[in-house]
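Have a look at the structure below, then the notes.
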2 protein chains.
Amino acid sequence: MSPKSTAAGKQPLSHVQLERAADVFSTLSELSRLQLLQELMPGPRTVSELVEATGMKQANVSKQLGILRSNRLVERERDGNFMHYSIADPMVVHLCEVVCESLRRQAVREAGKYV
Amino acid sequence: MSPKSTAAGKQPLSHVQLERAADVFSTLSELSRLQLLQELMPGPRTVSELVEATGMKQANVSKQLGILRSNRLVERERDGNFMHYSIADPMVVHLCEVVCESLRRQAVREAGKYV
DNA sequence: TGCGCAAATCGCCATATAGTGATATAGATA
DNA sequence: TATCTATATCACTATATGGCGATTTGCGCA
């Protein structure tokens, strides 16, 4: 028999897995990085396009992209002077979807309280 | 027609939604809190059980549970002197699953490089 | 070789927070 | 009331990091 598909039926994660998960969540924990990822969702963007789109300073955009990249959430490709950044791991999109679903459920529940 | 189910087809998240998502990810970004959540996955636990299971100091367990609770990821119920904590939002479990899937895919890809 | 532009890096400061020991609070029990 | 236990909170330190201006690096091109 296959294990039940509930939390109780799952194997606990190893310490190393938990550490890596914490790293991923930590990478996504900053609004500026989520903004950058959101701008990358429709497709690749250069650093200057991201600066323009987010209003962040160039130094900061580069820094946050570096953090996203060292955590393998984005990748880049050079084109002359330009660097094209893109989302490297579809996990990012899924994670945001899961969070948003929960937020929507919460909103519905909150609204229900006052009906 | 319904929108495509790709990142490009999704509405961007509002600033407020992004902020809330950052909060959730931030709450999950700490190893100690992930450890606590993992201990809660099979079912409710008291603070002292969590202290015992994780090896963390009692003050720190209470503190981190407080953070999890203020972000609505866990809830608690009093039973005499004891507080029983439990996971309040199944999102937590889903998020960990999504991250782990990605880690597994990465591991497979890494292994493939050296075959 | 030198110039100009895009991006990355450096040094710095300000802030946030994990973890700690000590203490306070709240419920049970006598 | 006094006291014991479980949990929460306080005050503090140490560390990590976001954001910034200044500078450097890497590439294309004259």
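Letters A, B, ... are given to chains in the order of the sequence lines, protein chains preceding strands, and every chain is numbered from 1. For the numbers below, each heavy atom of this structure counts, side chains included, while hydrogens, waters and symmetry mates do not.
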Review point. Do you know the tightest heavy-atom contact between B:Ile87 and B:Leu37?
Key: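 The answer is CD1-O, 3.7 Å.
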Practice item. Compare every heavy atom of B:Arg45 with every heavy atom of B:Gly43, then report the nearest pair and how far apart it is. Key: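 Where B:Gly43 meets B:Arg45 most closely, the heavy atoms are O-NH1, 3.4 Å.
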Using the side chain to side chain donor-acceptor pair (under 3.5 Å) criterion, which residues pair with [X]? Sequence neighbours excluded.
X	result
A:Thr54	none
A:Arg33	A:Gln64
B:Ser102	A:Asp89
A:Gln58	A:Ser62

Practice item. Could you walk me through whether B:Glu39 and B:Gln35 pass the side chain to side chain contact (heavy atoms under 4.5 Å, CB included) test, one step at a time? Key: CA-CA 6 Å; B:Glu39 294 299 330; B:Gln35 288 178 143; 5.7 Å; no
Check your understanding: How many Å lie between CG on B:Asp23 and C1' on C:dA16, as a whole number?
Key ->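 For the pair B:Asp23 CG and C:dA16 C1', the rounded distance is 13 Å.
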Point to revise | side chain to side chain contact (heavy atoms under 4.5 Å, CB included) assessment of A:Leu36 paired with A:Met56 | key: CA-CA 10 Å; A:Leu36 291 171; A:Met56 295 164 60; 4.3 Å; yes
Exercise for review: Could you list all the salt bridge (Lys or Arg N to Asp or Glu O under 4.0 Å) pairs where at least one residue sits in residues 49-63 of chain B, not counting sequence neighbours?
Suggested key: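 Applying salt bridge (Lys or Arg N to Asp or Glu O under 4.0 Å) to every pair that reaches into residues 49-63 of chain B, excluding sequence neighbours, yields nothing.
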**Study point:** Nucleotides bounding contact with chain B, strand DNA chain D, heavy-atom threshold 4.0 Å
**Key:**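 The contact span of chain B on DNA chain D goes from D:dT5 to D:dT9.
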Check your understanding: In Å, rounded to the nearest 0.5 Å, how long is the span from CZ of A:Phe25 to CG of B:Leu34?
Key ->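 Interatomic distance, A:Phe25 CZ to B:Leu34 CG, rounded to 0.5 Å: 6.5 Å.
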Check your understanding: Atom SG in A:Cys100, atom CG in B:Leu18: separation rounded to 0.5 Å?
Key ->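 Taking SG in A:Cys100 and CG in B:Leu18, the distance rounds to 7.5 Å.
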For nucleotides 9-15 of chain C, print each protein N/O atom paired with a nucleotide N/O atom at under 3.5 Å, atom names and distance only.
none

Review point. Quick one: what's the B/S/- string for nucleotides 24-30 of chain C, heavy-atom cutoff under 4.0 Å, read 5' to 3'?
Key: ---BS--
Exercise for review: Remember a base hit wins even if backbone is also touched, and classify A:Ile67 as base, sugar-phosphate or nothing at under 4.0 Å, heavy atoms.
Suggested key: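 The answer is sugar-phosphate, as A:Ile67 gets under 4.0 Å only of primed atoms, P, OP1 or OP2.
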For residues 70-80 of chain A, which side-chain donor-acceptor pairs fall under 3.5 Å, sequence neighbours excluded?
| from | atom 1 | to | atom 2 | distance (Å) |
| --- | --- | --- | --- | --- |
| A:Ser70 | OG | A:Gly66 | O | 3.3 |
| A:Ser70 | OG | A:Ile67 | O | 3.1 |
| A:Asn71 | OD1 | A:Thr27 | OG1 | 3.3 |
| A:Asn71 | ND2 | A:Thr27 | OG1 | 3.3 |
| A:Asn71 | ND2 | A:Ile67 | O | 3.0 |
| A:Arg76 | NH1 | A:Tyr85 | OH | 3.4 |
| A:Arg78 | NH1 | A:Gly80 | O | 3.1 |
| A:Asp79 | OD2 | A:His84 | NE2 | 3.4 |

Practice item. Please name all residues satisfying side chain to side chain contact (heavy atoms under 4.5 Å, CB included) with B:Leu103, sequence neighbours left out, ordered by chain then number. Key: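 Counting only residues at least two positions away or on another chain, B:Leu103 forms a side chain to side chain contact (heavy atoms under 4.5 Å, CB included) with A:Arg20, B:Val99.
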Exercise for review: Strictly below 4.0 Å, heavy-atom distances to any atom of DNA chain C: list the hits from residues 43-57 of chain B, or just say none.
Suggested key: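 Close to the strand are B:Lys57.
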Exercise for review: Mind running a 4.0 Å heavy-atom check of residues 13-21 of chain B against DNA chain D and sending the residues that fall below it, in number order?
Suggested key: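 When residues 13-21 of chain B is checked for heavy atoms under 4.0 Å from DNA chain D, there are no hits whatsoever.
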Review point. Has A:Arg69 got a side-chain N or O lying under 4.0 Å from the OP1 or OP2 atom of C:dA8?
Key: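 Indeed not, no polar side-chain atom of A:Arg69 lies that close.
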**Study point:** A:Leu13 with B:Leu31, same ILVMFWY side-chain cluster at under 4.5 Å
**Key:**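 Looking at the clustering, B:Leu31 is in the same group as A:Leu13.
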Check your understanding: Taking C-beta and beyond as the side chain, do A:Met91 and A:Val24 meet within less than 4.5 Å on heavy atoms?
Key ->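 Result yes, sub-4.5 Å side-chain heavy-atom pair found.
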